[in-house]
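Worksheet: the structure to be examined is printed underneath.
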Amino acid sequence: MARRLDTHVHVYSPELIATWREVARVEPYFGRLASGKVHRWAEADDVLAAMEADGVDQSWICGFAFSDIGLCRAQNDYVIDAVARSEGRLQGLAVVPPLAPGAEAEIVRCREAGLIGVGEIFPQGQGVDLTDLRQTWRLVGACHEAGLFLLIHTAEPVGHDYPGKGDVGPREAAQFCANHPEAVVIFAHWGGGLWLYELMPEMARILRNAWYDTAATPFLYGAPVFSSALAAGVRNKILLGTDFPILGRHRYDAMLDAAGVDGEAREALEGGNGARLLRICRGEEER
Ligand SMILES: [Zn+2]
């Protein structure tokens, strides 16, 4: 049996959960998400318990990407510790405010502590313009140098609104890829639909370094989004991420079954693609 990964999981330290209302006063974007009606809290032990129940072999966990670097550092410390205690069941991402002094040093610190990526970055929530090279080059350079991938929140430019949706979608994500061919980047939530444009030959070239995760799919799309993406030829660029704790793995298993995704395609989405992404970050495989 192939390994089952979940590449998009949120965790919160017990201290943050206990003090979130005070934190929300100085971090309004966090406050909006944390008081949204689908929001849930989870500590690392909750992730491990759900993985046990759902048959998930490894989860990639991240803290909340605050605007304040001190709050980010505290979440990173929690993630580093949880990963170290997990016997390989958890891998971790670092959060940083991309424009803050000290962000690059924090990325290096987290890499040295064993984390594998940076994210989930919230372009709107953290006030960074994804299309502006002057705002992104330091972040991308630090990740590239450290061999880390980026996970960036993106959303659909159409459809219903929800807390945290934001105004950053396929257009901005595509410009980011054009600006940064060296980046290894996962766009969350299907890149807001960006994968569809890989059917345009020139966009397939520009998007060579783009990956897409499936986080929040049950809230956004019907099951055929999976078979549609496979038909569009992006099978090797889709990562199964749930957005736990707001959604559990069983919802995705049911959608994949309904979409008739099985065999090699299913293994690629559920684990093979994530493993390949890490080999690319380590320089062991060509992208
Ligand atoms: Zn997101």
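Heads up: numbering here begins at 1 and tracks the sequence. The analysis underlying the following values was restricted to heavy atoms, covering all of them including side chains, and did not include hydrogens, waters or symmetry mates. Just so you know, ligand 1 is whichever comes first in the structure, and atom 1 is the first atom listed for that ligand.
Trp190 and Phe226 have their aromatic ring centers within a separation under 6.0 angstrom. Less than 6.0 angstrom separates the ring centroid of Phe149 from the ring centroid of Trp60.
Using a 4.0 Å cut-off between charged side-chain N and carboxylate O, Arg251 and Asp243 make no salt bridge. A salt bridge links Glu198 with Lys237: at least one charged nitrogen is closer than 4.0 Å to a carboxylate oxygen.
In terms of modelled atom types and a separation under 3.5 Å, the side chain of Gln175 and the main chain of Leu130 share no donor-acceptor contact.
Distances from the Zn ion (ligand 1) under 2.8 Å pick out these protein N/O/S atoms: Glu120 OE2, His153 ND1, His189 NE2.
For the side chain to side chain contact (heavy atoms under 4.5 Å, CB included) criterion with Phe244, the lone passing option out of Val11, Val47, Asp54, Ile61 is Val47.
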